[in-house]
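In what follows, a single structure is set out as structure tokens and then discussed.
Note that ligands are numbered from 1 as they come in the structure, with each ligand's atoms numbered from 1 the same way.
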Amino acid sequence: MRFDLLTIFPELIAPHLESGITRRAFASGQVQVKCWNPRDFTEDNYRRIDDRPFGGGPGMVMLVEPLERALAAARMDRGDPSNCPVIHFSPSGERLTQAVAAELAAGEGAVLVCGRYEGIDQRFVERHVTREISLGDFVLSGGELPALALLDAVTRLLPGVLGDEASHQQDSFQADSGGLLDCPHYSRPEQLGEDRVPAVLLSGHHAQIARWRREQQLRYTQERRPDLIDAARAAGRLTADDEKWLRTLRDQ
Ligand code: 9WO
């Protein structure tokens, strides 16, 4: 799988590929990442990648032509001159979810367009962008951080990348099993001042531990994201035991 980033700040990207899970994915060759700097594709003496907006107003707009040349070079280098996804990051896009990450993890990669300044010329978006993705309703100063978030979310889903196959399966199961929030986690020491690890986790009863974790997931999700409980129910992902526990919580 291969990702090509169009960015005027490639130095923001490189450090994230040098540690953790992403490093392992790149070291193993499972994922390739290449940055293409529109500034390297300018043809004027000033190496301009931005200019003032028509119609006036504050800030600058990213020029179409350096971006188009960078995109063409990335496509040529990929060997698929026409048709991989071209993703732009914007609060106007569809929300990045686990389902979107899973869909991309099953594909061949993408070109990630990282906007800067007030935005990129709309004609580049209309000509080339196949998908706009948002991390949420807030404004950043560029698309690089969303691109890294997407890379991380997709890379960790690739088989073998997490190394520990069991933890990967459990994780994707969680992401996929009713879309509930995670249960709390504990490690040593067993007692921290007054605060003890829940006794069931020390009991060695695997079925009871699994049930307790499921109940904690349901409790947290009911408290913080009741919409996710409704979605899980609608998708048929709640068992009779789950419903019984949710009734117990409501009656408390
Ligand atoms: C900014 C913006 C603000 C309100 C409504 C729509 C918007 N689109 C953009 C936009 O595309 N901005 C470009 C990328 C240029 C300026 C920096 N950019 C950006 C992307 N800021 N914030 C994001 C972003 C991307 C994904 N999720 C959250 C924020």
**Prompt:** atom 20 (C) of ligand 1: which protein heavy atom is closest, and how many Å away?
**Reply:** Phe89 O, 3.4 Å
**Complete:** Under 4.0 Å between heavy atoms, the region of Pro146 that gets near ligand 1 turns out to be side chain
**Prompt:** Hey, what do you get for CD (Glu126) to CG (Asp121), rounding to the nearest 0.5 Å?
**Reply:** 9.0 Å
**Top protein contact for atom 5 (C) of ligand 1, by heavy-atom distance** = Ser92 OG, 4.1 Å
**Listed once per pair and sorted, the side-chain hydrogen bond (donor to acceptor under 3.5 Å, both in side chains) pairs that draw on residues 39-50, sequence neighbours left out** = Glu43-Arg69
**Asked** Cluster question for you: counting only ILVMFWY and a side-chain heavy-atom cut-off of under 4.5 Å, with indirect links fine, are Val113 and Ile13 together?
**Response** no
**Prompt:** Just heavy atoms, cut-off under 4.0 Å: does Ile120 contact ligand 1 by side chain, backbone, both, or neither?
**Reply:** neither
**Request:** Give the residue, atom name and distance (to 0.1 Å) of the protein heavy atom nearest atom 13 (C) of ligand 1.
**Result:** Gly119 CA, 4.0 Å
**Request:** Sequence neighbours left out, what pairs pass side-chain hydrogen bond (donor to acceptor under 3.5 Å, both in side chains) with at least one residue falling in residues 135-155?
**Result:** Thr7-Glu144, Arg116-Glu144
**Message:** Give me the nearest non-hydrogen protein atom to atom 25 (C) of ligand 1 as residue plus atom name, then the distance to 0.1 Å.
**Reply:** Ser90 N, 3.4 Å
**Distance-only N or O hit between ligand 1 and Val139, under 3.5 Å** = no
**Asked** Should you measure from each heavy atom of His88, which atoms of ligand 1 turn up under 4.0 Å away?
**Response** 11 (O)
**Request:** Quick one: look up the protein heavy atom nearest atom 9 (C) of ligand 1 and list residue, atom name and how far away it is.
**Result:** Pro91 CD, 3.6 Å
**Message:** Give me the nearest non-hydrogen protein atom to atom 29 (C) of ligand 1 as residue plus atom name, then the distance to 0.1 Å.
**Reply:** Phe138 O, 3.2 Å
**Request:** Considering heavy atoms of the protein only, find what lies nearest to atom 16 (C) of ligand 1 and give residue, atom and distance to 0.1 Å.
**Result:** Tyr117 O, 3.0 Å
**Request:** Step by step, work out the side-chain contact (heavy atoms from CB on, under 4.5 Å) result for Leu67 and Phe41.
**Result:** CA-CA 8 Å; Leu67 279 170; Phe41 296 87; over 6 Å; no
**Message:** Looking at non-hydrogen atoms alone, which of Asp137, Val125, Leu140, Leu145 comes nearest to atom 22 (N) of ligand 1?
**Reply:** Leu140
**Message:** Could you check whether any side-chain N or O of Thr22 sits under 3.5 Å from a backbone N or O of Ser19, counting only pairs where one atom can act as donor and the other as acceptor?
**Reply:** yes
**Message:** Below 4.0 Å from ligand 1: does a non-hydrogen atom of Leu96 turn up there or not?
**Reply:** no
**Message:** Give me the nearest non-hydrogen protein atom to atom 26 (C) of ligand 1 as residue plus atom name, then the distance to 0.1 Å.
**Reply:** Leu135 N, 3.4 Å
**Request:** Show which atoms of ligand 1 fall inside a sub-4.0 Å distance from at least one heavy-atom site of Ser134.
**Result:** 26 (C), 27 (N)
**Message:** Using a strict threshold of under 4.0 Å (side-chain N to carboxylate O), is an ion pair present between Arg247 and Glu243?
**Reply:** no
**Prompt:** Which part of Cys114 is near ligand 1, with near meaning a heavy atom under 4.0 Å away: side chain, backbone, both or neither?
**Reply:** neither
